[in-house]
Amino acid sequence: MRPPSGLALAAAVFGVLFLAYTSIRAVRVPLTHDEAFTANVWVARGPLAILTFDGPERANNHLLNSLLSGACQAVFGRIPLALRLPNLIAHAVFLVASWRLLSRIAGKGVALAGFALLNGNPLLLELFGLARGYGLALGFVAPALLFAVRALEAEEIRLKDETACYALLVCGVLAQLIVLDVFAAVAVTFALFRLVRRARVPAEGRLRRVARESLPVVAASLCLLATAIPILIRMRRAGGLYAGGTGGLWHDTVGSVVRISLLNLSPTLVHAALAAVGIGLAALTAVAAYRLARPGTGGRVFLALFFILVLLCATVQAQHVFFGARFPEDRIATVFLPFVVFALAAACGTTPAPFDRAAGSVFGAAGLLALALFARRANLTRSDLWWFDADNVHMLEDLDRLRVSRPGAFHSVRLSINWLFEPSLNWYRRTEEFAFLSPVSRDGPFEAADYAFVLGQDEAEAVRRGYRVLTRYAGTGNVLLEPPAAPPSAREDR
């Protein structure tokens, strides 16, 4: 067995670093609004409610994530890490599959750059450390693409690899419905490659061969018809497909991913990154046109990845035109990232001389910039998407200290809040550490209570009403307040 190369070892080091990063975040980042809502509503109702989408806010129920998170919480207890464990496993799978795919379609240098560019993305790393279906879906999509490439790189499409690809994509759809578009794009790509081959090499016993080759996609499609499609229809009727934008595929899908990946950085950098993505996509199209006219080394795999990406975009656009579907944005749109990076890496591997060296150098520079962005954006204590929940645990700890320092310490504490905090705080109050907290509601931050916890934007109104600021949290700007009158828990006669 040949020992791994230096670049493969570097990829392994980066992989361990990225996985360690998301694992630490899974432990330290307080449970966010959407995660807690899933745990409080869907996991608490049990598997039957999850499977039948019997509950409020159906869009929050990422079916496979809800089932797996609930199972992990039942086994490992009421801690955020238990809910997030399925996504951490998906992250490990994604890392391995993405490296194996990149090293298969491009040279080791380009593969390493692509690995850094893809896996160092702050948005992807954020999602793999949270209990949502976005990261979990990517953990199925990456190995599915690996099997798709293995199936398509040979002159004769391998049915075994194609079957594995469809099976993984079905799981990805059940984790996040946007993967249904990926399934359609991959299925059409397989069909196109078969049609091209049959036009060149007519085969005997065509009907029997077509029937045999159609079995994987037909079986997977029937599975989706029985599971994902009813969910999609039910959510559409209930108005649950509200997420996304109407500005267009470029503005909403590409733009939102770039903007969130470069959050809090200069607008000039955001515009430069968007321009770079546009140039990269134009280069992809040029290489695809060249390889269609002049097939060459690596061209078959590159064209397969390029067609999947184009068909994925076309599917999203068609859904908007014919059904009024919204364009995927930010966390939903992350499913596009692997396709873009894989197609760019494959393009570098099949670009004709003398442009191949320049393409590899530019891609390598992009990988280095991605690592610099990772170092710049890395944090271990807060979510960038659900930033307002970052100080919830600190606030509860402060509330506990206030409680025990005053008379009536053994009484439960009532807290009025901004509605955004409700799911997370209600999840934490069911833990042993914060059991002193009474159930919180969405009735508003200035309802009668012992204390109030509000967003920074509500502080002026609170002070006007006579509330006293107890603690102001620098990370979020949230404020813990005491009402004008002495809190009920401080009264001896309570």
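Predicted, not measured: the structure shown is a model, and the values here were computed from it.
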Euclidean distance, Leu102 CG relative to Leu112 CG, rounded to 0.5 Å: 9.5 Å
Atom pair CZ (Phe339) and CG (Leu344), whose distance is rounded to the nearest 0.5 Å: 13.5 Å
Stepwise side chain to side chain contact (heavy atoms under 4.5 Å, CB included) check, Leu145 with Phe342: CA-CA 9 Å; Leu145 282 179; Phe342 293 152; 3.7 Å; yes
Student check: side-chain heavy atoms of Val182 and Val173 closer than 4.5 Å: no
Phe307 and Phe193 aromatic ring geometry - parallel, tilted or perpendicular at 30°/60° bounds: perpendicular
Straight-line distance of Asn119 CG to Thr22 OG1, nearest 0.5 Å: 10.0 Å
Value rounded to 0.5 Å, distance of CG in Leu117 from CZ in Phe363: 5.5 Å
Derivation of the side chain to side chain contact (heavy atoms under 4.5 Å, CB included) call for Leu380 and Val29: CA-CA 7 Å; Leu380 300 173; Val29 173; over 6 Å; no
Rounded distance [0.5 Å steps], SG in Cys171 versus CZ in Phe140: 4.5 Å
Listed partners of Asp161 passing salt bridge (Lys or Arg N to Asp or Glu O under 4.0 Å), at least two apart: Arg150
His320 atom NE2: more than 12 heavy-atom contacts under 6.0 Å: yes
Side-chain donor or acceptor of Asp181 paired with backbone N/O of Leu312 under 3.5 Å: no
Check: Cys165 and Val186 side chains under 4.5 Å, non-hydrogen atoms: yes
Evaluation steps, salt bridge (Lys or Arg N to Asp or Glu O under 4.0 Å), between Asp384 and Arg377: CA-CA 10 Å; Asp384 287 328; Arg377 289 281 314 278; 2.6 Å; yes
Leu232 backbone acceptor or donor facing Arg237 side chain under 3.5 Å: no
Atom CZ of Arg376: over 12 foreign heavy atoms under 6.0 Å: no
Point-to-point distance, once rounded to the nearest 0.5 Å, from CD1 of Ile308 to OG1 of Thr189: 4.5 Å
Polar contact flag, side-chain donor to acceptor under 3.5 angstrom, Thr476-Arg382: no
From CA spacing to verdict: side-chain hydrogen bond (donor to acceptor under 3.5 Å, both in side chains), Asn61, Arg58: CA-CA 5 Å; Asn61 180 25; Arg58 294 188 177 101; over 6 Å; no
Aromatic plane relationship, His33 with Phe388 - under 30° parallel, 30 to 60° tilted, over 60° perpendicular: perpendicular
Pairwise side-chain contact, Phe128 with Leu19, heavy-atom cut-off 4.5 Å (strictly under): no
Whether Ser416 side chain and Pro445 backbone form a donor-acceptor pair below 3.5 Å: yes
Shortest non-hydrogen contact from Phe76 toward Ala82: CB-CB, 3.9 Å
Arg100, CZ: over 12 other non-hydrogen atoms inside 6.0 angstrom: no
Aromatic ring proximity Tyr134/His62, centre distance under 6.0 Å: yes
Residues Trp427, Phe37; criterion side chain to side chain contact (heavy atoms under 4.5 Å, CB included); working and verdict: CA-CA 8 Å; Trp427 187 86; Phe37 191 93; over 6 Å; no
Thr471 side chain near Val479 side chain, heavy-atom distance below 4.5 Å: no
Asn121 (side chain) donor-acceptor with Ser261 (main chain) under 3.5 angstrom: no
Pair Phe421 + Phe453: ring centers closer than 6.0 Å: yes
Backbone of Ala347 reached by a side-chain donor or acceptor of Thr350 within 3.5 Å: no
side-chain hydrogen bond (donor to acceptor under 3.5 Å, both in side chains) partners for Asp443, two or more places apart: Ser441
Validation row: Val335, Pro328 side chains within 4.5 angstrom (heavy atoms): no
side-chain hydrogen bond (donor to acceptor under 3.5 Å, both in side chains) between Thr38 and Arg132, intermediate numbers included: CA-CA 9 Å; Thr38 297; Arg132 306 300 298 131; 2.9 Å; yes
Verdict with supporting geometry, Arg331 and Glu126, salt bridge (Lys or Arg N to Asp or Glu O under 4.0 Å): CA-CA 9 Å; Arg331 53 191 183 270; Glu126 161 120 356; over 6 Å; no
Flag for Asp389-Thr32: side-chain donor and acceptor within less than 3.5 Å: no
Close side-chain approach of Leu399 and Met395, heavy atoms under 4.5 Å: yes
Validation row: Pro423, Arg442 side chains within 4.5 angstrom (heavy atoms): yes
Mutual orientation of the aromatic rings belonging to Phe115 and Phe18 [parallel < 30°, tilted 30-60°, perpendicular > 60°]: tilted
Test side chain to side chain contact (heavy atoms under 4.5 Å, CB included) applied to Ser424 and Trp386, step by step: CA-CA 11 Å; Ser424 180; Trp386 292 275; over 6 Å; no
Backbone of Leu241 reached by a side-chain donor or acceptor of Arg326 within 3.5 Å: no
Side chain Tyr428, main chain Leu31, donor-acceptor under 3.5 Å: yes
4.5 Å side-chain heavy-atom contact, Ile417 and Val454: no
Donor-acceptor under 3.5 Å (Tyr473 side chain, Asn392 main chain): no
Minimum heavy-atom distance between Met235 and Ala59, given as atom pair plus value: CE-CA, 3.5 Å
Tyr166 and Phe147 aromatic centres sub-6.0 Å: no
Check: Asp330 main-chain N/O paired with Ser256 side-chain donor or acceptor under 3.5 Å: yes
Nearest non-hydrogen partners of Pro30 and Val393, listed with the distance: CB-CG2, 4.0 Å
Expected output: side-chain Asn87 to main-chain Leu130 donor-acceptor under 3.5 Å: yes
